[in-house]
Amino acid sequence: MSKVITPQQQDYSKWYNDIVIQADMADHSAVRGCMVIKPTGYAIWEKMQQTLDKMFKDTGHVNAYFPLFIPKSLFEAEEKNAEGFAKECAVVTHYRLKTDPQNPGKLIVDPEAKLEEELIVRPTSEAIIWNTYKGWIESYRDLPLLINQWANVVRWEMRTRLFLRTAEFLWQEGHTAHATKDEAIAETRQMLEVYADFAENWMAMPVIKGVKTANERFAGADDTYTIEALMQDGKALQAGTSHFLGQNFAKAFDVKFANKEGKLDYVWATSWGVSTRLMGALIMSHSDNMGLVIPPKLAPTQVVIVPIYKGEEGLAKVSEVANVIKQKLQQKNISVKYDNRDSQRPGFKFAEHELKGIPIRIAIGERDLENGTIEIARRDLLSKQVIKIEEVENYVSTLLEDIQTNLFNKALERRNNLTTKVNTYEEFKKVLDEKTGFVMAHWDGTPETEEKIKQETKATIRCIPLNNEQEEGVCIYSGKPSTQRVVFARAY
RNA sequence: CGGGGCGUAGCGUAGUCCGGUAUCGCGCCACGUUUGGGACGUGGAGGCCGUCAGUUCGAAUCUGGCCGCCCCGACCA
């Protein structure tokens, strides 16, 4: 195989690409900006989906599916939303191809088959969903409406990066309708908590929960809540968003309900989503120069067993024990793969499983059979230990938890080290350039100042943290008074 | 869309200035020896050199057009 991964320290961006491609997660496709998610990568996405899906259902949501295409007239109904996404929409204008009379064997778009109304390939589904909800909601008895959809969306990005920004991506989008403002806000916040829970306890990725500034708000939202993570290179990544949409979509699509008093009112809305971008976040939170590191709770394969043997008989002997171990672990709900391929040698397999990030590797050789032992290696620390064979179930269960905790703690420590309070603009710029990471600074609260700082430093306000500590200070840019620090960073 | 780079076997490349149908490594196939950290030997398969046109006896190589991809920026989850 002889795969070489560019070291992080040398070129982080190249390292990231190498990991994605060499760990076999995804590849560039024949379509500009669109990737192929390969089985190894897709399996991780499926684990994310399963986990999130359960969390959504546990909080009362159900799944449904809405069309890929949105008629232009619906798409433009909510003005801010339409305007926000307009410049990155794929548009279907025709419904038929025909043979090119000038060029046999080639196809052209049939000019006769022009659509009367163009169809927009959804960049997000609020428009089509709210148009549908209009017919579903009449009374307060129909509320709340708590629906999620797993789907693909298309945003015609100018520049793309595997998982982090692709023209087509997979995501889930929750769209809920409520009778009251408070209830909708509570839903928005609840889903933010769900995302934070998932990020921290499954992805082992610490996040800051907060509110976006007006500049960074979702187009069509009254408030956008976000979880912000910090990657290994000190750049921030928005990992999930939850929007309080107010009555904007209800008004745009005329979705009214009769309340208990019999009066008509517009419903209150939320939407929230996470995407395959989380795959990128996962990679940039834990992986190293040897390859991918997957937290145990999201690893499609948690344990791989590699036999070391001489000859067929040797393999048979080792397999006997390996299969017992496999079974015992599976009974504890641990996913195990027994890698008994005879076509590769152990060293090759070790390297390959490290590259693919499997949390625990068990090696069993004939030497172990004699001693009643096995060798256990953990991916996060790349350390090995020999244990008694009968200890395997308990040892592995505990180790999986340890690895999960260790990854989170390591990521948390890194984030804490890369979070800096600054009080002057000079300091601010210096930290951004030399130390990177989250920079906590006072801001006067105006979009103008935010925009100027962005233009001058490329740093954006990632969020205003929830339950933020209140503290007197002055804006690092304008010198005007401020009551709290906000989180700045350069971001993906 | 601006700036830079690149298109030669599955992947990475040499050859391009100075025209003569192609180099090396990895991978792949077969057989044998191997197997506690990316094995070794022997033999073998695989390329109309991105594409179209031009110059020429002859083009990967020279000329022109087109297409595609990657990286940096603007836009953005």
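Numbered from 1 within each chain, the chains take letters A, B, ... in sequence-line order.
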### Message
Need to verify one output field. Residue with the more 5' nearest nucleotide on RNA chain B, A:F350 or A:A491?
### Response
A:F350

## Note on the structure
Heavy-atom nearest nucleotide on RNA chain B taken for A:K349 and for A:E216; more 5' hit belongs to A:K349

Between the side chain of [X] and the main-chain N/O of [Y], is any donor-acceptor distance below 3.5 Å?
{"X": "A:Q172", "Y": "A:V274", "value": "yes"}
{"X": "A:T188", "Y": "A:S242", "value": "no"}
{"X": "A:W443", "Y": "A:V487", "value": "no"}

Expressed as a whole number of angstroms, how long is the span from [X]:[atom1] to [N]:[atom2]?
{"X": "A:K310", "N": "B:G36", "atom1": "NZ", "atom2": "C1'", "answer": "8 Å"}
{"X": "A:Q455", "N": "B:G73", "atom1": "CD", "atom2": "P", "answer": "16 Å"}
{"X": "A:M158", "N": "B:A74", "atom1": "CE", "atom2": "P", "answer": "11 Å"}
{"X": "A:D342", "N": "B:U34", "atom1": "CG", "atom2": "C1'", "answer": "10 Å"}

### Message
Which residues in residues 370-386 of chain A have a heavy atom closer than 4.0 Å to any atom of RNA chain B?
### Response
A:E375, A:K384

### Close residues, residues 225-233 of chain A, relative to RNA chain B [heavy-atom separation under 4.0 Å]
none

With sugar-phosphate meaning primed atoms plus P, OP1 and OP2, does [X] contact a base, only sugar-phosphate, or nothing at under 4.0 Å between heavy atoms?
{"X": "A:E157", "answer": "base"}
{"X": "A:L237", "answer": "nothing"}
{"X": "A:R341", "answer": "nothing"}

Given the [atom1] atoms of [N] and [M], what is the spacing between them in whole Å?
{"N": "B:G5", "M": "B:G10", "atom1": "C1'", "value": "23 Å"}
{"N": "B:C11", "M": "B:G27", "atom1": "C1'", "value": "7 Å"}
{"N": "B:G54", "M": "B:C18", "atom1": "P", "value": "24 Å"}
{"N": "B:A60", "M": "B:A22", "atom1": "P", "value": "10 Å"}
{"N": "B:G65", "M": "B:G25", "atom1": "P", "value": "38 Å"}
{"N": "B:C69", "M": "B:G12", "atom1": "P", "value": "16 Å"}
{"N": "B:C71", "M": "B:C62", "atom1": "P", "value": "27 Å"}
{"N": "B:A14", "M": "B:U61", "atom1": "C1'", "value": "13 Å"}

#### Entry: Structure string for RNA chain B in dot-bracket form, Watson-Crick and G-U at under 3.5 Å, | interchain
((((((((.[[[..)....(...]]].((((((.....)))))).....[[[[[..)....]]]]])))))))....

### Query
Can a donor-acceptor pair be found between the side chains of A:E168 and A:N152 at a distance below 3.5 Å?
yes

All N/O donor-acceptor pairs, side-chain side in residues 123-131 of chain A, below 3.5 Å, sequence neighbours left out:
from   : atom 1 : to     : atom 2 : distance (Å)
A:T124 : OG1    : A:E126 : OE1    : 2.6
A:S125 : OG     : A:Q149 : NE2    : 3.2
A:S125 : OG     : A:E173 : OE1    : 3.4
A:S125 : OG     : A:E173 : OE2    : 2.6
A:E126 : OE2    : A:S271 : OG     : 2.8

### Message
Looking at A:R367, I'd like to know whether one of its side-chain N or O atoms comes within less than 4.0 Å of OP1 or OP2 on B:G36.
### Response
no

Applying side chain to side chain donor-acceptor pair (under 3.5 Å), name anything that partners [X], two or more places apart in sequence or on another chain.
{"X": "A:E456", "value": "A:Y425, A:Y477"}
{"X": "A:H28", "value": "none"}
{"X": "A:Q238", "value": "A:K212"}
{"X": "A:T224", "value": "A:H243"}

Nucleotide nearest [X] when distance is taken to its side chain, options [options]:
{"X": "A:K458", "options": "B:A74, B:G36, B:G37", "value": "B:A74"}
{"X": "A:I308", "options": "B:G38, B:A77, B:G36", "value": "B:G36"}
{"X": "A:F348", "options": "B:G38, B:A77, B:G36", "value": "B:G38"}
{"X": "A:K87", "options": "B:G38, B:C75, B:A77", "value": "B:C75"}

### Query
Does any N or O donor sit under 3.5 Å from an N or O acceptor when you compare the side chain of A:R345 with the base of B:G36?
no

### Message
Distance criterion of 3.5 Å, no angle test: do you see the side chain of A:E366 paired donor-to-acceptor with the base of B:G36?
### Response
no

Could you go through residues 33-50 of chain A and list every donor-acceptor pair under 3.5 Å that involves a side-chain atom there, pairing it with any protein atom two or more places apart or in another chain?
from  : atom 1 : to    : atom 2 : distance (Å)
A:K38 : NZ     : A:D24 : OD1    : 2.8

#### Entry: Pairing residues for A:E216 by the salt bridge (charged side-chain N to carboxylate O under 4.0 Å, His left out) criterion, not counting sequence neighbours
none

### Task
Step through the shown structure and confirm whether more than 12 heavy atoms of other residues, nucleotides or ligands are within 6.0 Å of CD on A:Q9.
yes

### Query
Any chance NZ of A:K72 has more than 12 other-residue heavy atoms, nucleotides or ligands included, within less than 6.0 Å?
no

Enumerate the protein-to-nucleotides 28-31 of chain B contacts in which both atoms are nitrogen or oxygen and the separation is below 3.5 Å.
none

### Query
With a cut-off of under 6.0 Å to the ring centre and 45° to the axis, is A:R189 in cation-pi contact with A:Y225?
no

### Task
Describe, in one word, how the ring planes of A:F253 and A:F249 are oriented to each other, choosing from parallel (under 30°), tilted (30 to 60°) and perpendicular (over 60°).
parallel

### Message
Applying salt bridge (charged side-chain N to carboxylate O under 4.0 Å, His left out) to A:D433 and A:R490, what does each step give before you reach the verdict?
### Response
CA-CA 10 Å; A:D433 287 337; A:R490 294 199 177 119; 3.0 Å; yes

Between the protein and nucleotides 66-71 of chain B, are there any N/O to N/O pairs under 3.5 Å, and if so, what are the atom names and distances?
from  : atom 1 : to    : atom 2 : distance (Å)
B:C69 : OP1    : A:R32 : N      : 3.4
B:C70 : OP1    : A:H28 : ND1    : 3.1
B:C71 : OP1    : A:N17 : ND2    : 3.3

### Query
Taking 4.0 angstrom as the limit, do A:R378 and A:D380 come out as a salt bridge?
yes

